Amino acid sequence: MKVLMVNKFLYPNGGSETYIFKLGDALKAKGHEVQYFGMEHEGRCVGNNVNAYTSDMDFHNASKLEKMTYPIKTIYSREARQKIRLVLDDFQPDVVHLNNFNYQLTPSIILEIVAWRKETGNKCKIVFTAHDYQLVCPNHMCNNPGTGENCEKCLTGSFMNCTKGKCIHGSTAKSFIGTLEASFWKMKGTYKYIDTFICCSNFMKTKLDTNPLFAKKTVALHNFIDEIPWVEVPKEDYILYFGRFSEEKGVRTLIEAAKRLPEVNFVFAGKGPLESLLDGIDNINNVGFKSGEELADLVRKAKASVYPSEWYENCPFSVMESQLYGTPVIGADIGGIPELIKNGKTGTLFKAGDVDALCDEIHKLWQDDNKANSMHEACRELSFDTIDEYLEKIMILYNN
């Protein structure tokens, strides 16, 4: 089978890039042909045989002239249609697997895939993995960064709510562009050509299903995760947070909980805009950003980890990783987080944003070694899809 993987970034940049690279490698390992389409960039590490990519759109370092053309290019891209046609004609894919494409590539590419199918008679399928809420929320997150509140106004109403709330970077102009982009493609009904929408959580599926056009085509499929060998190590007396130090991640709430629990030792591993709030709190040890074996060691030895996010998380790898390392998770009951934790067995849940509820769950686990040990053992029985198991499910979607 020939699979064309589409993503705006073709270099390591975040979760969606990790996804396309690992899925592409797994497909090739099974004998399938894989090529990639997206933006050109000096860091690009995958590609296609005809070297056809769209021009790099750098929203931060572009010239004034380039920035003047971006509002139009982020809605519709003639260049993207022309470049993907070159790849389609040469590669003749059986499946085009879309990932993040809005703004940089634009849904224009879907129109070109459909036109190519009609002209050539190719029955190429269009599959889309939703890594965020872009198709139903112009700011991707169902969260207004200005107020910090989760918001679903655009899901059941007009995308003009994005402009009213200044939901994109707190800017009326950028939010209006987001409104235009979402409204234009909804009006054209372009997304009806997508055959399957893969949602990385059941929660995300419910949000995409608010659009009747998507509802009959959505499939919930949790992300895959690399196999983690079970290593038995002595637990140490600390509660771990690892990740970004930011508002939407609930870090401010966790810091307040730490202040109220002076008898509990906390380790914070990461970086972010709220880092200065950790200073001067005696029971918080900020060890900075960690990765690889250093991070693995921290997670394995923790009595528990905390995932206090306050936005609609989808399928956070940190929650899965912690449990596979044998460390129970105290997680917020929001988004897709509850789908990953066996409440009372491999972790516990608390009401997102509720400091009192968070303190209660941390205190109970900190005081009860038997409960902590029981959860640690329960994690041993937990499993999530490996890349090979995930690939088997993807192949069914490709072939249906």
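Please read these numbers as outputs of a predicted model, since none were measured by experiment. We use all heavy atoms of the structure for the numbers below, so side chains are in, but hydrogens, waters and symmetry mates are not.
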Please report the shortest heavy-atom distance between A182 and P138, naming the atom on each side. CB-CG, 4.0 Å
Between Y76 and R81, do the side chains contain an N or O donor and an N or O acceptor separated by less than 3.5 Å? yes
Does S309 reach the side chain of P316, with side-chain heavy atoms less than 4.5 Å apart? no
Does a donor on one side chain and an acceptor on the other come within less than 3.5 Å for H222 and D385? no
Salt bridge present between K207 and E152 (N-O < 4.0 angstrom): yes
Should we count NZ of K290 as having more than 12 external heavy atoms under 6.0 Å? yes
Given side-chain contact (heavy atoms from CB on, under 4.5 Å), test Y191 with I110 step by step and report yes or no. CA-CA 8 Å; Y191 298 131; I110 298 174; 4.0 Å; yes
In this structure, is the centre-to-centre distance between the rings of H140 and W311 below 6.0 Å? no
Determine whether T348 and P328 make a side-chain contact, defined as any pair of heavy atoms from C-beta on separated by less than 4.5 Å. no
Do the charged groups of R78 and E112 touch, with an N to O distance under 4.0 Å? no
Exercise: do E248 and N143 side chains pair donor with acceptor under 3.5 Å: no
Between E256 and R260, does any NZ, NE, NH1 or NH2 come within less than 4.0 Å of an OD or OE carboxylate oxygen? yes
Do F317 and V319 make a side-chain contact, defined as non-hydrogen atoms from C-beta onward lying under 4.5 Å apart? no
What distance separates F91 CZ from C124 SG, expressed to the nearest 0.5 Å? 10.0 Å
Heavy-atom donor-acceptor pair, D25 side chain to A29 backbone, under 3.5 Å: no
Using a 6.0 Å cut-off, check whether atom NZ of K30 has over 12 heavy atoms from anything other than its own residue. no
Sub-3.5 Å donor-acceptor pair from the side chain of N161 to the main-chain atoms of S158, do we have one? yes
Is it true that E79 and S77 share a donor-acceptor pair across their side chains at a distance under 3.5 Å? no
Do F384 and L221 share a hydrophobic cluster (ILVMFWY, side-chain heavy atoms under 4.5 Å, transitive)? no
Residues K22, D226: salt bridge by 4.0 Å N-O rule: yes
Tell me whether W185 contacts the main-chain N or O of I75 through its side chain, where contact means a donor paired with an acceptor under 3.5 Å. yes
Pair D195 + R117, salt bridge at N-O below 4.0 Å: yes
Using modelled atom types only, decide if a donor and an acceptor are shared between the side chain of N343 and the backbone of L349 within a distance under 3.5 Å. yes
Could you check whether any side-chain N or O of N7 sits under 3.5 Å from a backbone N or O of N99, counting only pairs where one atom can act as donor and the other as acceptor? no
Spell out, yes or no, whether I341 and I239 are grouped together once hydrophobic residues are joined by side-chain heavy atoms under 4.5 Å, including indirect joins. no
What is the ring orientation for F268 with Y241, classed by angle as parallel under 30°, tilted 30 to 60°, or perpendicular over 60°? tilted
Without hydrogens or angle criteria, can the side chains of N283 and N265 be said to hold a donor-acceptor pair below 3.5 Å? no
Using a 4.5 Å cut-off on heavy atoms from C-beta on, say whether the side chain of F214 contacts that of L135. yes
For K186, does the NZ atom have more than 12 heavy-atom neighbours from other residues, nucleotides or ligands under 6.0 Å away? no
Is the closest side-chain donor-acceptor distance between T163 and T179 under 3.5 Å? yes
Please confirm whether H131 and Y19 have ring centers closer than 6.0 angstrom. yes
Distance-only donor-acceptor check, side chains T218 and K205, under 3.5 Å: yes
More than 12 foreign heavy atoms under 6.0 Å from NE2 of H32: is that the case here? yes
Determine whether C142 and C151 make a side-chain contact, defined as any pair of heavy atoms from C-beta on separated by less than 4.5 Å. no
Heavy atoms, side chains only, cut-off 4.5 Å: are I396 and N400 in contact? yes
L277/R252 under side-chain contact (heavy atoms from CB on, under 4.5 Å): CA gap, chis, key distance, verdict: CA-CA 8 Å; L277 297 183; R252 190 182 293 273; 3.7 Å; yes
Check: F37 and V96 side chains under 4.5 Å, non-hydrogen atoms: no
Under 4.0 Å between a Lys/Arg side-chain N and an Asp/Glu carboxylate O for K301 and D297? yes
Parallel, tilted or perpendicular, judged at 30° and 60°: which one describes the rings of F128 and F101? perpendicular
Under 3.5 Å, side chain of R44 to main-chain N/O of V46, donor-acceptor pair present? yes
Should L278 and F245 be marked as a side-chain contact (heavy atoms from CB on, under 4.5 Å) after you check the CA-CA gap, both sets of side-chain angles, and the distance that decides it? CA-CA 10 Å; L278 304 176; F245 303 156; 3.7 Å; yes
Evaluate whether atom NZ of K166 has more than 12 neighbouring non-hydrogen atoms of other residues, nucleotides or ligands under 6.0 angstrom away. no
So with a 6.0 Å cut-off around NZ of K345, is the heavy-atom count from everything else above 12? no
Has the side chain of S175 got a donor or acceptor atom that lies under 3.5 Å from a matching backbone atom of I168? yes
N/O donor-acceptor pair under 3.5 Å between E392 side chain and E389 backbone: no
Q134 vs N100 side-chain heavy atoms within contact, under 4.5 Å: no
With a 6.0 Å cut-off on the ring centroids, do F203 and Y312 count as close? yes
Short question: side chain of N399, backbone of M395 - any donor-acceptor pair under 3.5 Å? yes
Going by salt bridge (Lys or Arg N to Asp or Glu O under 4.0 Å), name the residues that satisfy it together with E181, two or more places apart in sequence or in a different chain. none
Hey, any chance L98 and L88 share a hydrophobic cluster, counting ILVMFWY side chains that come within less than 4.5 Å of each other, even indirectly? yes
Side chains of H97 and Y398: is there a donor and an acceptor less than 3.5 Å apart? yes
Residues, nucleotides or ligands: over 12 heavy atoms within 6.0 Å of E263 CD: yes
Answer with yes or no whether the side chains of T327 and H376 bring together a donor and an acceptor at under 3.5 Å. no
Give a yes or no on whether a salt bridge exists between K249 and E313, defined as a side-chain N under 4.0 angstrom from a carboxylate O. yes
Under 3.5 Å, is there a donor-acceptor pair between the side chain of K217 and the main chain of T196? no
Compare every heavy atom of C167 with every heavy atom of N144, then report the nearest pair and how far apart it is. ND2-SG, 3.6 Å
Test side-chain contact (heavy atoms from CB on, under 4.5 Å) on C200 and N314; report intermediate values, then the result. CA-CA 6 Å; C200 57; N314 296 312; 3.4 Å; yes
Just checking, is any N or O donor in the side chain of T54 or Q104 under 3.5 Å from an acceptor N or O on the other one? no
Are L298 and W366 grouped together when hydrophobic residues (ILVMFWY) are joined by side-chain heavy atoms under 4.5 angstrom apart? no
Quick check: are there more than 12 heavy atoms from other residues, nucleotides or ligands sitting under 6.0 Å from CD of E227? no
Going only through I, L, V, M, F, W and Y residues with side-chain contacts under 4.5 Å, is there a path from I228 to Y390? no
